[in-house]
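In what follows, every chain begins at residue 1, and chains take the letters A, B, ... in the order their sequences are listed. Note that these values count all heavy atoms, side chains included, but never hydrogens, waters or copies made by symmetry.
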Amino acid sequence: MESSSANWSKKSWADLLKKSVPEDFYSRETLQVAKDLLGKLVVVRTKPTQNWGDARAGVTVSRIVETEAYRADDPASHSCRGETPRSAIMFGDPGKAYIYFIYGMYEMLNFVTEPRGYAGAVLIRAVEPVYGETLMTKRRQSSATKTSRTGLTNGPGRLTQALGIKMAHKGESLWGPTFYVIDDGIRPNAMDSSPRVGIRVATDKYWRFFVPGNPYVSKCRENSLSKPV
DNA sequence: CGTTCGATGCACT
DNA sequence: GTGCATCGAACGT
């Protein structure tokens, strides 16, 4: 899959943002949404007031290369025991950002799926930078982890840091003003699946999806178990 | 670090 | 017995 930054950068922002995927994209079966999100662009626009100094606010664009599906009937999902204060958003309207904080360090970015009343979400596990790499590097440099180029965004905790995503963004819409998910017509040329990372249940479910060979896909044990979709 | 759950204790009826 | 508040431990997409 190519970055094709030349393709979109010639268009105005307005034209780009018009290509946001519609609500009925998210209002579907979570596994299908997780697969279809591969190749989509994520635009994130943060303001100086949102935790960052001026130097760390701004716009990034990146392409999704790795996702995981989490369903209501799924013991690995935060929604599996019904609604709690934290998981309530997964039962609500699709097309919103579900962000949670884990291990005392990492924000995780998810998109809410399924119609209202049915819980589901897709975890964004890795993206490929398309625009704003300098800004991403600035945000990542304060981290204890020194990064290679791919280390900018090749994992769920790293990409939220690089894109400036915080818990304060939980519940925000995927039609702005912070998040936009764009279909620019580019499709991955292949898709693999594997067990999901970091869970101890439902390990027989191949609900992690990624673009094989893409350097920004996270490196983990599960890669050796992957198979084509 | 934040969330959740089970154990515990207390008020109330 | 029921229900609610509080606490601590475990664990985490």
TODO: Describe the nucleic acid contact of A:R200 in one word from base, sugar-phosphate, nothing, applying a heavy-atom distance below 4.0 Å.
DONE: sugar-phosphate
Task: Centroid separation A:Y26 to A:W175 less than 6.0 Å - done: yes
TODO: Verify, without hydrogens or angle tests, whether A:R139 (side chain) and A:L163 (backbone) share a donor-acceptor contact under 3.5 angstrom.
DONE: yes
Task: N/O (side chain, A:R81) to phosphate O (OP1/OP2, B:dC5) under 4.0 Å - done: yes
TODO: For A:L123, report the nucleic acid contact type (base, sugar-phosphate, nothing); a contact means any heavy atom under 4.0 Å.
DONE: base
TODO: Would you kindly say whether A:Y180 and A:R45 are connected by a side-chain donor-acceptor distance under 3.5 Å?
DONE: yes
Open item on the list: Applying a 4.0 Å non-hydrogen cut-off, can you work out what A:P85 is touching in the nucleic acid: base, sugar-phosphate, or nothing?
Closed with: sugar-phosphate
Open item on the list: Just the rounded figure in Å: distance from P of C:dA10 to CD1 of A:I102.
Closed with: 18 Å
TODO: Starting at atom CG of A:D74, determine the distance to atom C1' of C:dG12, rounded to an integer number of angstrom.
DONE: 14 Å
- [ ] Could you state the atom-to-atom distance from CD of A:E107 to P of B:dT3 in whole Å?
- [x] 12 Å
Open item on the list: Counting only side-chain heavy atoms from C-beta out, which of B:dT4, B:dG2, C:dG12 sits nearest to A:Y103?
Closed with: C:dG12
- [ ] Return yes if a side-chain donor-acceptor contact under 3.5 Å exists between A:R71 and A:T30, otherwise no.
- [x] no
- [ ] Can you tell me the distance, in whole Å, between the CE atom of A:M108 and the P atom of B:dG2?
- [x] 15 Å
Task: Heavy-atom check, side chain of A:T160 versus side chain of A:Y106, under 4.5 Å - done: no
- [ ] Calculate the interatomic distance between A:M167 atom CE and B:dT3 atom C1'; express it in whole Å.
- [x] 10 Å
Open item on the list: Expressed as a whole number of angstroms, how long is the span from A:Y98:OH to B:dT3:P?
Closed with: 9 Å
Open item on the list: Once you apply a heavy-atom cut-off of 4.0 Å, does A:R196 come out as touching a base, just sugar-phosphate, or nothing?
Closed with: nothing
Open item on the list: Of the options C:dG12, B:dG2, B:dT4, whose atoms approach the side-chain atoms of A:R86 most closely?
Closed with: B:dT4
Task: Whole angstrom value for the distance that separates P of B:dC1 from CZ of A:F101 - done: 8 Å
